[in-house]
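Each remark here refers to the structure printed beneath this line.
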Amino acid sequence: MGALDEGHFNEELENGVPFGCHEMGFEGEPETIAIEDAVKVLLQGLGEDINREGLRKTPLRVAKALREGTKGYKQKAKDIVQGALFPEVGVDNTVGQAGGVGGLVVVRDLDLFSYCESCLLPFQVKCHVGYVPSDQRVVGLSKLSRVADVFARRLQEPRRLADEVCLALHYGIKPAGVAVMLQCLHIHFPNLESVFLDSNHKGWVKLPVCSGSGVFEDKNADAWSDFLSLLKFRGISVNETSMRHSSDQSWCPSLSLASKVEPVNQAMVTAVASILRSLGEDPSRKELIGTPARFVKWLMNFQNTNLEMKLNSFVFGKTDHLNPDEKVSCEEKQMQSELNLPFWSQCEHHLLPFHGVVHIGYMCSEGLNPIGKSLLRSIVHFYGFKLQVQERLTRQIAETVSSFLGGDVIVVVEANHTCMISRGIEKFGSSTATIAVLGRYSTDSAARALFLQGITKTTVCEEF
């Protein structure tokens with residue numbers, strides 16, 4: 001194994017930087033302890049055992065993720081910009097021409113995440129920032145990203161986020177103008193009841209917003225056309241009409257739901273309010289008054305329940321299926337598949353969403369009808385709407401489908417995990433694939449390869 005032999009690896013662990021060093025050390029701080037206690041209340045409200053393996057460290061992991069994801073409350077944009085301004089005269093040595101005639105500087109495709117103040121779910125942001133220098137000076141380009149990140153790491157909504165980034169740069173750099181364009185993506189998480197009724201549920205709400213100062217205050221100014229042109233020729237999708245008349249009225253899906261009054265676990269609501277205070281927020285702020293109840297209502301989709309599993313008139317354990325002892329030759333079986341079945345779930349390690357698609361393959365004896373797509377979709381949703389890990393989800397789907405079909409099953413799950421972008425590692429664009437094989441698929445490499453080749457390229461996350 002060369003440099004990766006066991007001795008060298010152990011030496012790296014002993015002498016190098018320990019794993020997990022990227023996570024900020026919030027342990028033991030009063031705010032962290034308060035969030036941990038609140039998370040325990042939430043888990044117990046879901047009917048979970050907070051001492052079971054997989055959940056024991058969840059309160060601390062959630063607390064660290066939330067505090068890291070909202071650390072912008074303790075940062076000041078002016079501290080970032082100060083000392084990062086550099087003299088740059090420009091081609092004709094006149095004010096406002098630091099980059100030459102026009103002077104526009106644009107930084108594109110800054111990946112950010114933030115927490116929605118209406119529902120506490122994370123949302124993704126693709127940020128583009130432009131400015132026209134003045135006073136013959138420019139700012140270090142990395143500072144544009146860092147200033148944007150300061151305001152993203154707070155409870156936010158798109159319009160305010162764009163305005164705060166724009167104004168902070170305007171007053172910090174003192175340019176001729178600043179333009180900020182955000183392309184925001186909010187997961188539209190269905191509840192367990194609605195997802196069975198709406199197979200075409202749209203999993204995302206996409207919203208473009210923009211903000212401008214100085215020469216960019218007029219949305220019809222030439223400066224805006226130049227800014228948008230520098231985005232479009234890089235393949236960035238820009239609709240000038242929507243950008244100039246963007247609205248966030250229906251941004252958060254939780255606000256667009258019917259205002260039906262439902263009983264809410266008050267202990268859980270109080271726990272969420274405690275989390276808000278520990279993050280440095282005021283739960284009585286107008287925009288946050290309904291947030292704890294909305295978050296609890298969403299979280300209750302993942303309530304641990306022992307109710308019978310009903311799958312489109314099938315009741316688990318009472319369905320006629322193939323006899324596993326019945327001998328059927330491989331030649332008599334036909335390969336069937338259902339691909340790209342969407343699912344939504346909740347990571348039990350961080351209480352953050354993960355979502356994606358499930359591909360299911362199975363062998364069906366000749367003369368028997370293939371299992372219905374609606375039944376497979378129901379199995380996927382049943383196991384998705386729980387506190388989960390992807391590996392367990394994959395195995396549970398495979399084992400349940402096998403119980404109906406007698407054994408030969410392959411399941412592939414592709415998913416995006418919010419915890420991969422909203423914590424220290426910040427791996428934007430990453431996805432995770434897991435596979436479970438039973439019966440013939442576990443021994444027949446040709447059958448596995450044939451199924452995997454049939455999976456077309458899928459997009460588990462909406463692209464900007």
Measure the shortest side-chain to side-chain distance between [X] and [Y] over non-hydrogen atoms and say whether it is less than 4.5 angstrom.
X: Leu279; Y: Ile35; value: yes
X: Pro122; Y: Pro353; value: yes
X: Asn340; Y: His359; value: yes
X: Met363; Y: Met335; value: yes
X: His417; Y: His350; value: no
X: Leu387; Y: Leu43; value: yes
X: Leu55; Y: Ile50; value: no
X: Phe295; Y: Leu42; value: yes

Mind telling me whether Phe343 and Phe354 have parallel, tilted or perpendicular rings, with 30° and 60° as the class edges? perpendicular

Students often mix this up, so state it plainly: with edges at 30° and 60°, are the rings of Trp251 and Phe123 parallel, tilted or perpendicular? perpendicular

Donor-acceptor contact below 3.5 Å, side chain [X] vs main chain [Y]:
X: Ser114; Y: Arg154; result: yes
X: Glu281; Y: Pro283; result: no
X: Ser345; Y: Gly384; result: yes
X: Arg159; Y: Cys210; result: yes
X: Thr70; Y: Leu66; result: yes
X: Asn301; Y: Trp298; result: yes
X: Gln346; Y: Leu351; result: yes
X: Thr58; Y: Gly54; result: yes

Looking at Gln390, Glu414, Arg392, which one forms a side chain to side chain donor-acceptor pair (under 3.5 Å) with Thr434? Gln390

Before giving the answer on side-chain contact (heavy atoms from CB on, under 4.5 Å), spell out for Ile397 and Val409 the whole-Å C-alpha distance, their side-chain angles and the decisive distance to 0.1 Å. CA-CA 10 Å; Ile397 293 173; Val409 175; over 6 Å; no

Supply the atom-to-atom distance [X] [atom1] to [Y] [atom2], rounded to the nearest 0.5 angstrom.
X: His186; Y: Ser118; atom1: NE2; atom2: OG; value: 7.0 Å
X: Leu155; Y: Glu287; atom1: CG; atom2: CD; value: 11.0 Å
X: Ser225; Y: Leu230; atom1: OG; atom2: CG; value: 11.0 Å
X: Lys126; Y: Met181; atom1: NZ; atom2: CE; value: 11.0 Å
X: Glu164; Y: Gln156; atom1: CD; atom2: CD; value: 4.5 Å
X: Ser402; Y: Arg395; atom1: OG; atom2: CZ; value: 12.5 Å

Charged N-O contact under 4.0 Å between Arg285 and Glu117: yes

So, Lys386 and Glu348, do they make that salt bridge, N to O below 4.0 Å?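 No, this pair does not count.
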
Which atom of [X] lies closest to which atom of [Y], heavy atoms considered:
X: Val147; Y: Ala168; answer: CG1-CB, 4.0 Å
X: Val272; Y: Pro292; answer: CG1-CA, 3.6 Å
X: Val209; Y: Ala162; answer: CG2-CB, 4.0 Å
X: Gly69; Y: Phe113; answer: CA-CZ, 3.7 Å
X: Cys127; Y: Leu112; answer: CB-CD1, 3.8 Å
X: Ser284; Y: Ile289; answer: O-CG1, 3.7 Å

Under the ring pair (Phe, Tyr, Trp, His ring centres under 6.0 Å) test, which residues partner His128, sequence neighbours left out?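 Not a single residue meets the ring pair (Phe, Tyr, Trp, His ring centres under 6.0 Å) criterion with His128.
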
Evaluate the criterion side-chain contact (heavy atoms from CB on, under 4.5 Å) for residue pair Gln124 and Thr418; output intermediate values, then yes/no. CA-CA 9 Å; Gln124 292 179 240; Thr418 307; over 6 Å; no

Return a table of donor-acceptor pairs under 3.5 angstrom between the side chains of residues 443-451 and protein atoms on other chains or two or more places apart.
from	atom 1	to	atom 2	distance (Å)
Thr443	OG1	Arg440	O	3.2
Asp444	OD1	Ala446	N	3.1
Asp444	OD1	Ala447	N	3.1
Asp444	OD2	Arg440	NE	3.0
Asp444	OD2	Arg440	NH2	3.2
Arg448	NH1	Tyr441	O	2.9
Arg448	NH1	Ser442	O	3.4

Derivation of the side-chain contact (heavy atoms from CB on, under 4.5 Å) call for Leu376 and Tyr362: CA-CA 11 Å; Leu376 295 177; Tyr362 58 95; 4.3 Å; yes

I'd like to know whether Arg153 forms a side-chain contact (heavy atoms from CB on, under 4.5 Å) with Glu68, so could you lay out the CA-CA distance, the side-chain angles of the two residues, the decisive distance to 0.1 Å, and finally the verdict. CA-CA 8 Å; Arg153 289 182 183 257; Glu68 185 175 348; 3.9 Å; yes

Apply side chain to side chain donor-acceptor pair (under 3.5 Å) to Thr32 and Arg67, showing your working. CA-CA 8 Å; Thr32 301; Arg67 294 199 63 196; 2.8 Å; yes

